[in-house]
Amino acid sequence: MNRILLISLVSFLLIAACGKKKSTDSAELLKKKTELAELKKQQENLSTQIGQLEKEIIRLDPTAAKAENAKLVRVDSPIHLQAFNHFIELQGKVESENISYVTPRGQPGQVKQIFVKKGDYVKKGQLLLKLDDAIARQSLVAAERGLETMRVQLDFARNIYQKQKNLWEQNIGTEVQLITAKNNVETLEYQLKSMQEQIKINKEQLQMTQVFSDVAGVAEEVNIRVGETFMGGMQIKIVNTSQLKVVTDVPENYIDRVSTGKPVIIAVPDLNKSINTQVSLTGKIIDPNSRSFYIEARIPSDKDFYPNQIAQIKIKDYTNPKAIVAPLNTLQNDEKGKYIMVLSNENGKSIARKKEVTVGQIYGDQVEIKSGLNTGDRIITEGFQGLYDGQLITLK
């Protein structure tokens, strides 16, 4: 028992020591972080004070600027108004406007012959396959034979009626015989017409055993074989590539910026081709899973375009024909906001000046400047890091 108590006591002391060490380490780390933050703040304040003192010294004694080492920088050409466009970049795919799934006109049937294979070009009205027509053909033959029998019976009834009519005109026979003969003719004539209509139906049913294409295009899918039952659906798929479109899903946060008629640039990377078009259709429902809505943009027919090709889509959602534009990497931040360093010629010297700016849209490596810069300003594009307002510079 004493041994167990001793082991427990040692374990407790070890755990306590580890906990104390971890606590000490955490406190030490926090202390060092606090000291580092304080030193950085002091460094920033000292740099600001040094800059202000240097400017005051140069103001009071311009000759002191000669001793200052000018910083080597590169500046851009003078700012001029230019068009600025913002695009929403998405990935989509090429699809056909007309995709048809072939179905039988009548009831499903067993396939006896197939006249098309996957990849074949299909003309409108072309025979694709033939279904079992044994029953339909037998029904047609039986109906045609019944029609011939009906015609013989009708000729015989007409002959009897004519004879009864001749006898009646000679005051031979009864009126009932005449009326009966006439009714027999009319009944058989009606049955003959019904039989003729039935034959039309039998011929149409026989025609239904031949499946034709209602559109022209390429047989993308032919998932049926002889002996199987053709029911339609996904068994034969005809794609018309003469009318194509590009479709994509747009995140719902752009719903107020994308609408029908918006300019679109479509690029197919594999073909090194691009097309200027516009949004032709926008969806009216947000997909609950992807939180997006779909759009379509029609593209002209091209032998190099195929359905399901990947396409890069750029939707122009903003344009400013007269904008001041700056390189995005020249935009800097401080406690007062965003600013850009520009070249200023003062008293024959090249001076860096800090200009606070208000930015608009950002696209690619350019940013639209709403205010703060003017036409003619020259932005410092290299060496601007660490520059302070009023610092002497020299150009590369």
Side-chain angles (χ1 to χ4, degrees), residues 29 31-87 89 314 316 318-396:
L29 177 62
K31 180 181 178 182
K32 290 184 180 297
K33 286 183 176 181
T34 302
E35 290 178 354
L36 178 61
E38 184 64 28
L39 289 173
K40 285 184 176 181
K41 186 176 180 181
Q42 292 177 9
Q43 182 185 30
E44 183 178 349
N45 291 334
L46 286 173
S47 297
T48 302
Q49 293 175 18
I50 290 171
Q52 290 176 348
L53 287 173
E54 287 176 341
K55 288 192 292 184
E56 291 177 3
I57 290 171
I58 293 173
R59 181 176 58 83
L60 297 173
D61 182 11
T63 59
K66 296 180 180 179
E68 182 182 2
N69 292 325
K71 185 171 182 180
L72 186 63
V73 300
R74 187 186 298 276
V75 297
D76 204 352
S77 56
I79 292 175
H80 62 278
L81 297 179
Q82 63 184 81
F84 177 84
N85 299 312
H86 183 273
F87 294 88
E89 297 188 5
K314 295 168 63 176
K316 185 191 293 185
Y318 174 81
T319 183
N320 183 353
K322 296 181 179 180
I324 291 178
V325 180
L328 180 60
N329 67 326
T330 62
L331 188 65
Q332 302 185 78
N333 293 277
D334 62 10
E335 68 280 359
K336 294 182 179 180
K338 302 180 185 301
Y339 68 92
I340 289 177
M341 302 303 295
V342 299
L343 167 67
S344 176
N345 292 313
E346 301 176 10
N347 299 321
K349 298 182 179 64
S350 296
I351 305 297
R353 287 300 178 192
K354 174 181 177 182
K355 287 202 171 184
E356 296 180 1
V357 296
T358 303
V359 302
Q361 296 289 332
I362 297 174
Y363 182 69
D365 59 354
Q366 292 186 321
V367 57
E368 177 190 25
I369 304 300
K370 289 291 189 179
S371 64
L373 295 181
N374 301 306
T375 56
D377 286 344
R378 301 187 67 182
I379 299 173
I380 300 174
T381 56
E382 291 184 20
F384 55 83
Q385 299 89 345
L387 282 180
Y388 58 84
D389 186 40
Q391 185 173 356
L392 186 67
I393 58 176
T394 184
L395 307 183
K396 289 184 180 180

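Given the structure is predicted, the values throughout are model-derived calculations rather than measurements. Values below: every heavy atom of this structure, side chains too, minus hydrogens, waters and symmetry copies.
When all heavy atoms of Lys354 and Asp389 are compared, the pair lying nearest together is N-OD1, 3.0 Å. Of all the heavy atoms in Ala70 and Thr394, the pair that sits closest is CB-N, 4.0 Å. Nearest heavy-atom pair across Ala352 and Met341 is CB-CE, 3.9 Å. Annotation for Leu328 and Gly364: closest pair CD2-O, 3.8 Å, computed over non-hydrogen atoms. The two residues Leu373 and Ile324 make their nearest non-hydrogen contact at O-CD1, 3.3 Å. Taking both residues in full, the closest heavy atoms of Lys316 and Thr319 are given as CD-CB, 4.2 Å, listed atom of the first, atom of the second, then distance.
Checked by atom type and distance alone, the side chain of Thr330 never pairs as donor or acceptor with a backbone atom of Thr381 at under 3.5 Å. In this structure a side-chain-to-backbone donor-acceptor pair under 3.5 Å is present from Lys71 to Gly383.
The distance from atom CG of Leu387 to atom CD1 of Ile380, rounded to the nearest 0.5 Å, is 5.0 Å. Atoms NZ and CG, on Lys32 and Leu39 in that order, are 11.5 Å from each other to the nearest 0.5 Å. Between Asn329 atom CG and Phe384 atom CZ the span is 4.5 Å, to the nearest 0.5 Å.
Here the side chains of Leu331 and Ile340 are in contact, with some heavy-atom distance below 4.5 Å. Ile369 is listed as a side-chain neighbour of Val359, based on a closest heavy-atom distance under 4.5 Å. Taking the side chain as every heavy atom from C-beta outward, Thr375 and His80 never approach each other to under 4.5 Å. Between Leu392 and Ile351 there is a side-chain heavy-atom pair separated by less than 4.5 Å.
One finds a salt bridge joining Glu368 and Lys370 here, because a Lys/Arg side-chain nitrogen approaches an Asp/Glu carboxylate oxygen to under 4.0 Å. In summary, Asp76 and Arg378 do not engage in a salt bridge, as defined by a charged side-chain N under 4.0 Å from a carboxylate O.
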Working note: Leu395 + Leu343, criterion side chain to side chain contact (heavy atoms under 4.5 Å, CB included); need CA distance, chi angles, decisive distance, verdict.
CA-CA 10 Å; Leu395 307 183; Leu343 167 67; 4.3 Å; yes
Test side chain to side chain contact (heavy atoms under 4.5 Å, CB included) applied to Ser350 and Asn345, step by step:
CA-CA 5 Å; Ser350 296; Asn345 292 313; 3.7 Å; yes
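Within 6.0 Å of NZ in Lys336 there are 12 or fewer heavy atoms belonging to other residues, nucleotides or ligands. Heavy-atom contacts from other residues, nucleotides or ligands closer than 6.0 Å to CG of Asn333 number more than 12.
Ring planes of Tyr363 and Phe87: tilted class, angle from 30 to 60°.
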